[in-house]
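Here the structure is a predicted model, which is why all the values come from computation and not from measurement. Just so it is clear: chains get the letters A, B, ... in the order the sequence lines come, proteins before strands, and each one is counted from 1.
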Amino acid sequence: MIFIKDNLIKNMNEKQIEAIISIEKNLLILAGAGSGKTKVLVNRINWLILKLGVSPKSIMAVTFSNKAAKEIYNRIKKTIKFNINDIWIGTFHSLAYKMLYLHYNKLKKHIQIIGKEEQINLIKNITIKLNIDIKKFPPIKTMYYINNKKNYGLHPKDCVKNIEKDKLFSIYKLYQKKCTKYGYFDFGEILISVNNLLIKNPEILNKYIKQFKHILIDEFQDINNIQYKWIKQIKNKNNKIMIIGDDDQCIYGWRGAETTLIEKIKSDYSNIKIIYLEQNYRSTNNIILAANHLINNNNNRIKKKLWTKKKPGELISLYSAINEEDEAKYITNCIKILKYNGFSLNKCAILYRKNIQSIVIEKILSKNNINYEFLNTIKFYNRKEIKDIISYLRIILNKNDDIAFLRIINTPKRGIGINTINKINEISKKKKKSLWRSLKIILNKNILKKKQNLILKKFIVLINEIKKNIKNLKLYEQVNYVINKTKLLLMYKKKDDFKIRIENLKELIKLTKKFYIKNINKFEILKLFLSHIILNNNNENNNFEKKDSVKLMSIHLSKGLEFDQVFIIGMEEGIFPHYYTLNNKSLEEERRLAYVGITRAKKKLTLTYTKERYLYGIKKKTKPSRFIKEIPLKYIEIINNYKVLL
DNA sequence: TATATCCGGGTTTTT
DNA sequence: CCCGGATATA
């Protein structure tokens, strides 16, 4: 039936080819782990452009992570040599921001994106301001409450009033009021605003509906309500959508992801064709079968069954350790043997539920001179020195940015303490003015001590001077100027982590040099740059493949990756599944996480658990994870002592 | 205002 | 056990 021979569909199975070339219907691709879904997505875009003559600018490809977006972009670039930047490829948030920015800029409205830490900070301030006990209402919990509302597109005014008269709601109300007033956009707000933009401006909506002939969405299982609404707006009967997802790999439920939206799509979009990609190209059969058995214990899932043409391969090793040290030694030993046999360390990964579990492993690995790389998510933007510089830049763009103001008012230390700040805060509260304006008021009234008065006047002069002097500078020069002028370097010099900070600042300068947009003024570029680094807040692990080292990471972080040798440690009740999730509905999510972990392995999987473990300094007896028991014994090779398990 | 000490709480985290 | 935040002290 398919007679076209082409590189884009070479070596692909029939289902994959169908997913790449069919355009009569909307497509829902239910793609299991390792079934080649990224390849399908990339080749479909290539196909649309090269074979069907679809213009790059009428394609929108949405992903959840910048990493994925970049990967897709780079892979397309290999095949398509023209106008590739016209394709709208990006995360939900970055594409939504792009739409918003184009519009807001015309209205001269400023968008200040705020990250998690700033959100928490703001919530904390508000909680205190409302005389609500911070211990009873910890800001982080409040943030989850707010974000959850926003995941459903609900502003305070959209919440049901009689139910929502509690303290959390009152914090949310004030929080949202502040955000609106000062132009703060948390991540949820970007999506809500873009939705509202399209609702209120049919002409803009129509423009995008006409523009995007093809919408492709990856990792659809992780979509939340407001993201769904946005897509639904842009999609109408004339454009085609392709959705790829695997509900078994939904591990971000706590962030508003709803697997049920996959079901919803079937009823919302008629004329949708479902394609199952179930052939796995990654793992040996034992691993696949074990994974299938495990995930089958979940009740809420779309039934599918991974299969492979590969041989059974090695059995899954199960090691029962005395304690975490023994566990680490066993794994280190395994890796030593692999290394001795010429195995590249790059092909080994040690996965765990909690980052803290890596400590013992790291200790033993380095004792044995085995290179390893610990991957975590300490984000570039979250680094102190980056935030400090950025805060100065933010104040320069918008003096009423209270969050930035609070960050830099005494950084570097200039002798402004909590008392002075409180006084400024009081005026701000009374006059309903920003901290910057309140500061100016306070200086005119001689409320403060002479010393503080002088310091603060100097502060104002400093900010004004920076603003004046960087006006016509290039982006990297602007950043450089701020670094020097603010004397932040001197402050870092006193600490022993000075070297790392300098490295990070260099990295920042490097980023600014790469960031270039034609035909807009210098402050506008700065503005876009600041948004860019929050929205692309990821470590660039560009030497990930190059360095020969064992990779250590959480299972969450391993999603999308694959390794010949995978070790999953801490397979114990209370660790994995995590203590918090025992006996509630997120247990199924834990199981999906286990499924993700297992399916990372190409050739060999090793599971370990310990009989006792230090938890917060106390030695505790532990029991093997239920997930081990959910794998039939015939796929397992017991290294030692399985009795405990039975 | 800046530093010293105590206390409690402690998953995962694509944006 | 180890970190960050809140309180006590120089």
Can you tell me how far [atom2] of [N] sits from [atom1] of [X], to the nearest Å?
X	N	atom1	atom2	result
A:Ile618	C:dC2	CD1	C1'	13 Å
A:Tyr579	B:dG10	OH	P	10 Å
A:Glu219	B:dT15	CD	P	12 Å
A:Glu590	B:dT12	CD	P	11 Å
A:Ile223	B:dT14	CD1	P	18 Å
A:Ile72	B:dT14	CD1	P	17 Å
A:His578	B:dT11	NE2	P	5 Å
A:Lys141	B:dG10	NZ	C1'	11 Å

Report task. For the side chain of A:Lys354, starting at C-beta, report the closest nucleotide among B:dT14, B:dT12, B:dA2. Result ->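 Nucleotide nearest to A:Lys354's side chain: B:dT12.
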Query raised in the report: What nucleotide, of B:dT15, B:dT14, C:dA6, holds the atom closest to the side chain of A:Phe64?
Result: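 Per side-chain heavy atoms of A:Phe64, the pick is B:dT14.
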Report task. Kindly write out the residues that satisfy salt bridge (charged side-chain N to carboxylate O under 4.0 Å, His left out) with A:Lys77, not counting sequence neighbours, or none if the list is empty. Result ->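 With neighbours one apart ignored, the set is empty.
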Requested in this report: Check salt bridge (charged side-chain N to carboxylate O under 4.0 Å, His left out) between A:Lys527 and all other residues, then give those that pass, not counting sequence neighbours.
Outcome: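 Result, salt bridge (charged side-chain N to carboxylate O under 4.0 Å, His left out) vs A:Lys527: A:Glu524.
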Any side-chain N or O of [X] below 4.0 angstrom from OP1/OP2 of [N]?
X	N	value
A:Asn376	B:dT12	no
A:Tyr252	B:dT11	no
A:Asn355	B:dT11	no
A:Ser554	B:dT13	yes

[N] base stacked by [X] (centroids within less than 5.5 Å, tilt under 30°):
X	N	answer
A:Trp254	B:dT12	yes
A:Tyr616	B:dG10	yes
A:His93	B:dT15	no

Query raised in the report: Are the side chain of A:Glu327 and the backbone of A:Gly570 linked by a donor-acceptor contact shorter than 3.5 Å?
Result: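 Yes, because the side chain of A:Glu327 sits within donor-acceptor range (under 3.5 Å) of the backbone of A:Gly570.
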Requested in this report: Please answer whether the main-chain N or O of A:Asp247 pairs with a side-chain N or O of A:Thr259 as donor and acceptor at a distance below 3.5 Å.
Outcome: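 Side chain of A:Thr259 to backbone of A:Asp247, a donor-acceptor pair under 3.5 Å: no, none is there.
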Requested in this report: State whether the distance check finds a donor on one side and an acceptor on the other, under 3.5 Å, for side chain A:Arg353 versus base B:dT11.
Outcome: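 By the distance-only test, yes, there is a pair.
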Report task. Determine whether the aromatic ring centres of A:Tyr228 and A:Trp230 lie less than 6.0 Å apart. Result ->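 So the answer is no for these two rings.
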Once you apply a heavy-atom cut-off of 4.0 Å, does [X] come out as touching a base, just sugar-phosphate, or nothing?
X	answer
A:Gln221	nothing
A:Phe92	nothing
A:Tyr144	base

**Report entry** Toward the 5' end of DNA chain B, by each residue's nearest nucleotide, A:Leu593 or A:Gly417
**Finding:**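 Closest to the 5' end, via its nearest nucleotide, is A:Gly417.
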**Report entry** Of residues 418-428 of chain A, the positions that come close to DNA chain B - non-hydrogen atoms, cut-off under 4.0 Å
**Finding:**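 Those residues whose heavy atoms fall under 4.0 Å from DNA chain B, taken from residues 418-428 of chain A in numerical order, are A:Ile418, A:Asn419, A:Thr420.
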Query raised in the report: Are A:His578 and A:Glu573 linked by a side-chain donor-acceptor pair shorter than 3.5 Å?
Result: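 A:Glu573 and A:His578 do not have a side-chain donor-acceptor pair below 3.5 Å.
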Query - Ring geometry between A:His532 and A:Phe515 (parallel below 30°, tilted from 30 to 60°, perpendicular above 60°) - result: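 Correct class here is tilted.
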Query raised in the report: For A:Asp222, which of A:Lys559, A:Arg255, A:Arg592 qualifies under salt bridge (Lys or Arg N to Asp or Glu O under 4.0 Å)?
Result: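 The option that passes is A:Lys559.
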